[in-house]
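For reference, the structure discussed in these notes is given below.
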Amino acid sequence: MNLETFQNRVLPAKNKLFRFALRMLGSEDEAKDIIQEVFIRVWNNRAQMDQIQNMEAWCMRITKNLSLDRLRSIQRKGTYPMEEGFDVKHTDATPDVKTELGESMLNVNQLIAALPEKQRQVIYLRDVEGYTYNEICEILELDMNQVKVSLFRARNAVKEKLMKINAYGL
Amino acid sequence: MLMDSKKLEELLKKYWDCESSLEEEEQLRTYFCSNDVPDQWRETAILFRYFDEQKGKSVDPQFENFVVGQIKSTKRVESGKLVKLFYNTMRIAAGVAVLLAAVYFVRQELRSDNAVAVEDTYDDPQRAFEETKRALLMISKGFGNAEQQAKKINMFNEAQEKIQTPTTTDSEL
């Protein structure tokens with residue numbers, strides 16, 4: 001793989017990788033740090049990269065693993081509690097975003113943030129990033145059944161809560 | 001984008017049951033992100049708008065140049081790695097050399113010990129006989145000394161017997 005191929009095949013995934021890392025880590029600086037490491041790893045192992053069919057899914061998988069490692073090391077050091085890293089509502093609910101999204105959007109944000117980690121990752125990869133089931137399996141290292149069950153549960157949990165909000169204005 | 005409510009309901013059902021394709025989900029997203037959504041789907045529309053909004057976040061444009069710059073400088077890192085590899089190899093080689101030298105010297109030492117043992121045998125039988133005699137004499141002298149010392153201990157036995165004899169006679173009486 002030469003620099004041109006790298007720029008055409010790997011670098012365009014930067015925003016997706018950034019969003020995924022940001023979602024897991026909750027800090028833009030940490031997320032940038034992680035994706036920089038991902039790109040350097042891919043470049044250093046470029047000799048083997050030609051055998052990989054879906055480069056983007058592969059990069060997403062490295063991003064997930066590195067982000068998890070970073071979360072663990074942050075947790076070990078006690079820099080900030082686990083919840084802040086995992087919980088999306090903390091990440092997104094900054095005052096300027098609050099006004100921009102409106103109250104309803106914040107409700108949705110909280111619904112999704114309340115989902116279990118696996119379900120949240122699956123619904124995010126499918127409904128925000130638009131990955132196929134096979135790609136999600138590859139990224140999250142899960143089998144097809146687990147992915148489909150997680151997505152089904154996530155969507156239905158969101159649907160139920162949305163219906164409640166609609167009916168009772170909660 | 002216009003979509004009749006029947007088709008929309010159908011697509012939504014497929015979506016909630018996780019049976020919709022990526023294209024169908026894209027259709028739903030496009031529909032719900034448009035402005036004219038009936039009130040009954042207001043919350044669903046918010047969900048799709050939320051997904052759409054999440055996709056908008058991006059890393060700053062300078063980041064790509066930064067990564068490319070980092071990658072271009074990896075050649076220097078690689079040469080640094082080579083030097084490091086060389087030093088590590090040399091360290092291991094030095095360790096192995098010390099170990100080999102130690103094994104060599106220990107073996108030399110063992111061999112020289114054996115050599116002394118071999119020198120003890122005399123070629124001349126007469127001399128060997130005299131040496132053996134001398135050694136045996138030395139041992140017998142040692143035994144002689146030991147015997148003299150042992151005799152002193154024997155005094156205790158004699159004394160014990162002398163003490164025991166009157167007591168037995170007392171009991172007989």
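Predicted model only: the values in this text are computed from it and were never measured. First the proteins, then the strands, lettered A, B, ... as listed; each starts at 1.
For the residue pair L22(B) and T132(A), the shortest heavy atom distance occurs at CD1-CG2, 3.6 Å. Residues W16(B) and N156(A) come closest through the heavy atom pair O-ND2, 3.3 Å. Smallest separation of non-hydrogen atoms from S21(B) and R126(A): C-NH2, 3.8 Å. For the residue pair V68(B) and Q7(A), the shortest heavy atom distance occurs at CG2-NE2, 3.6 Å.
With a 4.5 Å cut-off on side-chain heavy atoms, V67(B) and I40(A) do not count as touching. Residues Q70(B) and W43(A) have side chains not in contact (no heavy-atom distance under 4.5 Å, counting atoms from C-beta outward).
Checked for salt-bridge contact, K55(B) and E129(A) miss the test: no charged N lies under 4.0 Å from a carboxylate O. Taking a cutoff of 4.0 Å between a charged side-chain nitrogen and a carboxylate oxygen, K32(A) and D60(B) qualify as a salt bridge.
Here the SG atom belonging to C18(B) is positioned 4.5 Å from the CZ atom belonging to R155(A), to the nearest 0.5 angstrom. Taking NZ of K161(A) as the start and CG of L47(B) as the end, the distance is 12.5 Å to the nearest 0.5 Å. Residue F39(A) holds its CZ atom at 12.0 Å from CZ of F66(B), rounded to the nearest 0.5 Å. Going from atom CG of N109(A) over to atom CD1 of I46(B) covers 12.5 Å, rounded to the nearest 0.5 Å. Rounded to the nearest 0.5 angstrom, Q54(B) CD and R23(A) CZ are separated by 5.0 Å. In this structure, CG in D17(B) is found 12.5 Å from NZ in K148(A), a value given to the nearest 0.5 Å.
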### Task
Evaluate the side-chain contact (heavy atoms from CB on, under 4.5 Å) criterion for residues F63(B) and I35(A): first the C-alpha distance (whole Å), next the side-chain angles of each, then the deciding distance (0.1 Å), finally the verdict.
CA-CA 10 Å; F63(B) 184 77; I35(A) 57 169; 3.5 Å; yes
### D127(A) and Y15(B): CA distance, side-chain angles, deciding distance, side chain to side chain donor-acceptor pair (under 3.5 Å) verdict
CA-CA 10 Å; D127(A) 287 336; Y15(B) 171 78; 2.7 Å; yes
### Task
Check the pair V108(A) / F51(B) against side-chain contact (heavy atoms from CB on, under 4.5 Å), numbers first and verdict last.
CA-CA 10 Å; V108(A) 176; F51(B) 290 146; 6.0 Å; no
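Checked by atom type and distance alone, the side chain of R19(A) pairs as donor or acceptor with a backbone atom of K57(B) at under 3.5 Å.
The part of L3(A) that comes within reach of chain B is its side chain, from C-beta onward, which places non-hydrogen atoms under 4.5 angstrom from that chain. Looking at Y131(A), the atoms closer than 4.5 Å to chain B (heavy atoms on both sides) all sit in the backbone: N, CA, C or O. Within the 4.5 angstrom heavy-atom criterion, only side-chain atoms of I112(A), from C-beta onward, approach chain B.
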